[in-house]
Protein chains: 2
Amino acid sequence: MPRSGADLALLLLGGFRSLADAAHAELARRGYEDVRPVHDFAMRAITAGADNASELGRRLSVSKQAAAKTIAVLQERGYVARDTDPLDARRKRLQVTALGFEVLRQGESIFDELRDQWERQIGTAELASLETHLATLVGALPVRLDAPGWIAHDLGGPA
Amino acid sequence: MPRSGADLALLLLGGFRSLADAAHAELARRGYEDVRPVHDFAMRAITAGADNASELGRRLSVSKQAAAKTIAVLQERGYVARDTDPLDARRKRLQVTALGFEVLRQGESIFDELRDQWERQIGTAELASLETHLATLVGALPVRLDAPGWIAHDLGGPA
DNA sequence: ATGTCATAGACAACAAGGTTGTCGAAATAG
DNA sequence: CTATTTCGACAACCTTGTTGTCTATGACAT
C-alpha cells in the first residue's frame, strides 16, 4: 500500500517518539526522574568536547544563552561541574560528573535494549537495512535538538 | 555496522526533521510563510471532524486551552472560521476555510514530492519495506504532536 | 604598548507553546 | 427543578527558546 508522504513523516516521528518515551520512562523507573533526552544529548556533547557554554550551543544548534540554561540545570542536579579554565579566564570548563556518566551509561543501555526489541520484532537484517537506508536519506545532520518542547518535557502519554 | 539504539533514535528523528524542515521551507517559498506543521496537523484534525476546541484538544492530545490558542492563530490568519453551533450554544463550530484547504493541499503535495525523492534515492521496494517495518514497530499511535516546540517554531537550519 | 575586534558568559526582556485552575453559560441526567 | 458535565474563555505560571546588551578577557595588528 503506497503511503502518503505525510504518513511517512508521521511514521518517522512516531518511531522516534516511542523510543524516546520508552527510554524516558525507563530512566525514571531506574531512579533518574529528572533526566530528559535533552540532558542526555547535552552531556554527550560535553563529553565529546563541547566543554564550554558557547561551544555547546554551537553543537546543539541553539543560542549560547539557551545552552547556558541547560547547563545550569545540569549543574544544579549534579550531572555536570564547572571550573575556571586556567588558559582562558573567560571560559568555564565543563565536566560531566560521575553521576552524569552513570546516567549516560544507563541511557545507552536502555536505548540498546529498545533496539534489540525492535530487532526481535522485525528481524536483524530488516532493522539493519532500515537503518542503512535511513542513514542514506538523512545523511550526517548536526544534532539539532532545537526547541525541545516535547523532547525535554515530561512525556506523559501511554504511547 | 551495528548501530547503537541511540543512533537509531537520532536517525528516526533526523528523518522526520529533514522532511518537516523541507516541507516547511517549501511552503514558505510558495507564499505560506506563517504556516507551521502544527497548523497543518490541526487543520487536518478539524477536517477530520474535530470541529470544536475541546475535541481538537483531545485529538491532538493537548489541553483544550492549548487547542484554543492554536485555533486563535489559525483564525487570525484566515485558515479556519468559527460560527456558533445552532444545536449547542456552548460550542463554536470550526470550519477550515478555502485558504486553509489550499494550504492543506499544498502541504500534501509537498510531502508526496519529498517521498518521491526518497523513493528515487533508495528504491521503491526499499522505501516500502522501510514504511512497512516502521508501521509494525510503531503501531497506530495517536497524533500526539505534543509540545511542538521545534515543530511549530521556525526551523532555521540548513538541515 | 596600545587600540581594535572577537568571544565567553551573565542578565534582562520577551515570544511561543503548554499546563492547571476557575468561572459562567448551556446541555443533560435524575 | 436540581445536580453534574461540558464548552469556551481568562488568568497565572512553567519551560525552552530568542535577541539584545554588558563586562571581562583574549587575539592581533599597528
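All chains are named by letter (A, B, ...) in the order of the sequence lines, taking the proteins before the strands, and each is independently numbered beginning at 1.
B/His24 places no side-chain N or O within donor-acceptor distance of the main-chain N or O of B/Ala20, the cut-off being under 3.5 Å. Counting only distance, with no hydrogens or angles, the side chain of A/Arg77 and the backbone of A/Asp34 share a donor-acceptor pair below 3.5 Å.
Donor-acceptor pairing under 3.5 Å is recorded for the side chains of A/Gln106 and A/Glu102.
Between A/Arg91 and C/dA10 there is no side-chain N or O to OP1 or OP2 distance below 4.0 Å. The side chain of B/Ser63 places no N or O atom within less than 4.0 Å of a non-bridging phosphate oxygen (OP1 or OP2) of C/dG18. For A/Arg58 and C/dA8, the shortest distance from a side-chain N or O to OP1 or OP2 is below 4.0 Å. Distances shorter than 4.0 Å separate none of the side-chain N or O atoms of A/Thr70 from OP1 or OP2 on D/dT16.
Residue A/Lys92 is in sugar-phosphate contact alone, with no base atom involved, counting any heavy-atom pair closer than 4.0 Å across all strands shown.
When the P atom of C/dA15 is taken as reference, atom CG of B/Asp34 falls 18 Å away, rounded to whole Å. Following rounding to the nearest Å, A/Glu76 (CD) and D/dT16 (P) show an atom-to-atom distance of 11 Å. Whole-Å rounding puts the A/Ile71 CD1 to C/dG9 P distance at 7 Å. When rounded to the nearest whole Å, the span between CG of A/Asp88 and P of C/dT7 equals 12 Å. Atom pair A/Leu87:CG and D/dT25:C1' shows a separation of 13 Å (rounding to whole Å applied). Summarising the geometry, the separation between CZ on B/Arg93 and C1' on D/dT6 is reported as 18 Å, rounded to the nearest angstrom. Between B/Gln65 atom CD and D/dG8 atom P there is a gap of 11 Å when expressed in whole angstrom units. In this structure, CG of B/Leu74 is placed 11 Å from P of C/dG17, rounded to the nearest angstrom.
Comparing B/Ser54 and A/Ala89 by the nucleotide of DNA chain D whose heavy atom lies nearest to each, the residue mapping closer to the 5' end is B/Ser54.
Between A/Asp116 and A/Arg120 there is no salt bridge, since no side-chain nitrogen of the basic residue lies less than 4.0 Å from a carboxylate oxygen of the acidic one.
Put simply, the side chain of B/Lys69 and the base of C/dG17 share no donor and acceptor less than 3.5 Å apart.
Here the side chain of B/Asn52 is nearest to one of C/dG9, D/dC7, D/dG17, namely D/dC7. Each of D/dA12, D/dT25, D/dG8 was ranked by its minimum atom distance to the side chain of B/Ala53; first place goes to D/dG8. When distances are taken from the side chain of B/Arg90 to each of C/dA26, D/dT19, C/dT7, the shortest belongs to C/dA26.
Two residues are said to be in side-chain contact when any heavy atoms from C-beta on lie closer than 4.5 Å; A/Arg90 and A/Ser54 fail this criterion.
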